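Encoded as structure tokens, the structure appears first; notes follow it.
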Amino acid sequence: MTIHNPQFPRVNLPQGKLLIGGGWSESSSGQTIAVVNPATEEVFAHIAAGTAEDVGRAVDAAQRCFDSLAWQRMRPLDRGRLLERLVLLVEANADELARLESWDNGKPYAVSRHVDLAFAMDALRYYAGWASKMSGEYIALSPFNDDGGVYRAYTERKPIGVVAGITPWNFPLGQAIQKLAPAIAFGCTIVLKPSEETSLTTLRLGELILEAGFPDGAVNIVTGHGDPVGTSLVNHPKVRKISFTGSTTTGQSILRSASAQMKRVTLELGGKSPAIVLADADMERAIPGAAMAIFANSGQICTAGSRLLIQSEVYDEVIRGIAEFSMTLPMGPAFQDDVALGPLISARQLQKVSAMVDRGIAEGAEVLIGGRRWGDRGFFYSPTILSNVGSEASLWREEIFGPVVVAGRLEGLRDIKAIANDTEYGLGASIWTRDLNKAHILASQIDAGTVWINTHNLLDSAVPFGGVKMSGLGREFGTEAMHAFTEPRAVCMRLDPAGLE
Ligand code: NAD
């Protein structure tokens, strides 16, 4: 369907359809889900409400493709070439994909174009190169008995099989590519289930996947609600691996279900990441850096620096600086000039963030800036800095997933490890200092999947990403991705040198 609208991109967008086995089809439910623009609260599109039956068809198609001789015999370089063709198409359509993302998710167009699309294209290029780099190892053996034989062993990496890629709404296109690119590079096939809040760029990607000539069933897309689409994927016996990004609660439920069939899982979950500003930091960088650590994407980033820990000597200076910087960030609809911050994703998310802040204020939190909804149209929430929040308060401990940061003082460097690690999460952390010695010692003490020094949220497909504790299980990106989408198979042998001696 081509949609004509002054701002809505004129793309071939298969609304209300599912990509299964190389073609678009309707959901067996015949039902659709309305898509709301979070900046205007208007319904502007519909997606299909997939069912367990649709999931069954998609998984069968993915399995057929996986088992086919054509897929099994495809040269790794040619799997890489599929991703190369796709990245060229994404690049050619980058402006329109970015506009679609902004309509669907609400984020500023400049962010969609220069962050989301840039990340998505880099990830496709990165994994295209990996397809031909799959390798095992040779292992020296120490046999118990010297029976004259020559013993050897090697390992090869085997693709796991059909993957379910389940994604959230904060970086929709990037997350879809983060799942499908390694799956294809390492020889798996995949069923993608985008968030019901933001499925449009994944659907458009489906069009480009067909155009790039992917084999039928290599990538399938089933839109719809977590239950039944996500749950059916997780429980389907032919799905051998689940790559999930989303909330910790959903991750826990997936892990429980996956254990019944011993499925492989990668879980990228929530966080409550500290941004730690030491007294000797370069404030020209630390203040805007710590501000954007939390306010970028209106706080809807799993690694958002939502606990701001500041050394006492510079506490007032840093808080004032972050408050002043934040008030210069224009908030508004995605296509407005120079807009830096967009809305939250939904009325539900706005309600959740508002309720958490209101409760915190009632319990004694002090509002330094923000603390309320912004405007009366759209799901906007003002950048918010809160102090005087006790370390047992829900504001201090729970993920808010909005533009809300709680600030605390660090009296001594020795406290940092205990305070930073006093959380059930362990996704990211940043340390702002000019002292490399302090930076490296602290980095080694913080329980987090990623520690940044003098930067925050620097993501690169070459660097392993994931969390410890309740922030998840396993890693994406880099060499870790090969381990996540393949299983090692050991081949052990006895060779007989007799005939050759
Ligand atoms: P969510 O867990 O509600 O939903 C994520 C996806 O899972 C959606 O597609 C949803 O439909 C699906 N789903 C829901 N219930 C399911 C079930 N029972 N079984 C299978 N699938 C199900 O998360 P969200 O609200 O979309 O995203 C926000 C959360 O994601 C935050 O907690 C955030 O920290 C986390 N997140 C983590 C990372 C990371 O890399 N660690 C990145 C982005 C977001």
Side-chain angles (χ1 to χ4, degrees), residues 1-3 8-9 11-37 42-66 97 100-101 103-105 162-169 172-173 175-177 179-180 183 189-211 214-239 242-246 250 253-254 257 345-346 348:
M1 178 191 296
T2 305
I3 296 173
F8 194 88
V11 294
N12 214 15
L13 184 62
Q15 282 197 61
K17 298 271 172 63
L18 310 170
L19 179 61
I20 297 180
W24 295 102
S25 57
E26 313 238 311
S27 160
S28 67
S29 70
Q31 309 274 309
T32 56
I33 300 170
V35 182
V36 175
N37 180 330
E42 284 163 359
V43 172
F44 69 98
H46 288 84
I47 56 165
T51 61
E53 195 185 323
D54 299 325
V55 166
R57 284 195 298 129
V59 174
D60 284 347
Q63 185 73 57
R64 262 196 313 280
C65 177
F66 184 77
L97 278 162
L100 196 56
E101 199 74 290
W103 266 79
D104 203 6
N105 170 285
V162 175
V163 174
I166 305 177
T167 55
W169 39 257
L173 183 70
Q175 300 280 7
I177 284 176
K179 309 292 183 208
L180 90 84
T189 57
I190 187 164
V191 181
L192 282 171
K193 187 256 175 262
S195 166
E196 54 273 46
E197 310 275 9
T198 53
S199 296
L200 299 187
T201 47
T202 305
L203 289 169
R204 175 68 184 130
L205 188 67
E207 280 284 327
L208 301 179
I209 283 168
L210 295 181
E211 204 176 324
F214 279 53
D216 293 351
V219 180
N220 308 273
I221 302 168
V222 182
T223 56
H225 292 292
D227 187 10
V229 179
T231 45
S232 307
L233 273 170
V234 168
N235 291 318
H236 197 296
K238 287 183 188 158
V239 169
I242 301 151
S243 180
F244 171 77
T245 302
T250 307
S253 122
I254 289 177
S257 307
I345 190 67
S346 61
R348 192 168 60 110

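The structure displayed is predicted, hence computed values, not measured ones.
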Check: So how far is it from Ile177 CD1 to Thr167 OG1, rounded to the nearest 0.5 Å?
Finding: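 The CD1 atom of Ile177 sits 11.0 Å away from the OG1 atom of Thr167.
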Note to self: Can you tell me how far apart CG (Asp60) and NZ (Lys238) are? Round to the nearest 0.5 Å.
What the structure shows: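 One gets 4.0 Å once the value is rounded to the nearest 0.5 Å.
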Would you mind reporting whether [Y] and [X] have side-chain heavy atoms less than 4.5 Å apart?
X	Y	value
Trp103	Pro9	yes
Ile221	Leu205	no
Arg204	Leu13	yes

Taking [Y]'s backbone N and O only, do any of them form a donor-acceptor pair with [X]'s side chain (distance below 3.5 Å, no angle check)?
X	Y	result
Asp104	Leu100	no
Asn37	Val43	no
Ser27	Ala49	yes
Thr245	Pro168	no
Glu196	Ile33	no

Notebook entry, point to check: Between Glu207 and Trp24, do the side chains contain an N or O donor and an N or O acceptor separated by less than 3.5 Å?
Noted result: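 Checked: Glu207/Trp24 side chains pair up, N/O donor to acceptor below 3.5 Å.
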Next item on the list: Give a yes-or-no answer on whether the side chains of Ser28 and Arg57 include a donor-acceptor pair shorter than 3.5 Å.
Entry: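 Checked: Ser28/Arg57 side chains show no N/O donor-acceptor pair below 3.5 Å.
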Checklist line | Verdict with reasoning, Ile242 to Leu233, per side chain to side chain contact (heavy atoms under 4.5 Å, CB included) | finding: CA-CA 8 Å; Ile242 301 151; Leu233 273 170; over 6 Å; no
Check: Where do Glu197 and Arg348 land on the side chain to side chain contact (heavy atoms under 4.5 Å, CB included) test, with the steps shown first?
Finding: CA-CA 11 Å; Glu197 310 275 9; Arg348 192 168 60 110; 4.1 Å; yes
Check: Val234 and side chain to side chain contact (heavy atoms under 4.5 Å, CB included): which partner among Thr250, Ile166, Val239, Val55?
Finding: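 Option passing the side chain to side chain contact (heavy atoms under 4.5 Å, CB included) with Val234: Ile166.
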Check: Taking only residues two or more places apart in sequence or in another chain, which ones pass salt bridge (Lys or Arg N to Asp or Glu O under 4.0 Å) with Glu42?
Finding: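 Scan of Glu42 (salt bridge (Lys or Arg N to Asp or Glu O under 4.0 Å), adjacent residues dropped) gives Arg377.
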Next item on the list: Check the pair Ile345 / Asn105 against side chain to side chain contact (heavy atoms under 4.5 Å, CB included), numbers first and verdict last.
Entry: CA-CA 6 Å; Ile345 190 67; Asn105 170 285; 4.0 Å; yes
Check: Are Leu19 and Leu203 close enough, and set up right, to give a side chain to side chain contact (heavy atoms under 4.5 Å, CB included), and what steps lead you there?
Finding: CA-CA 8 Å; Leu19 179 61; Leu203 289 169; 6.0 Å; no
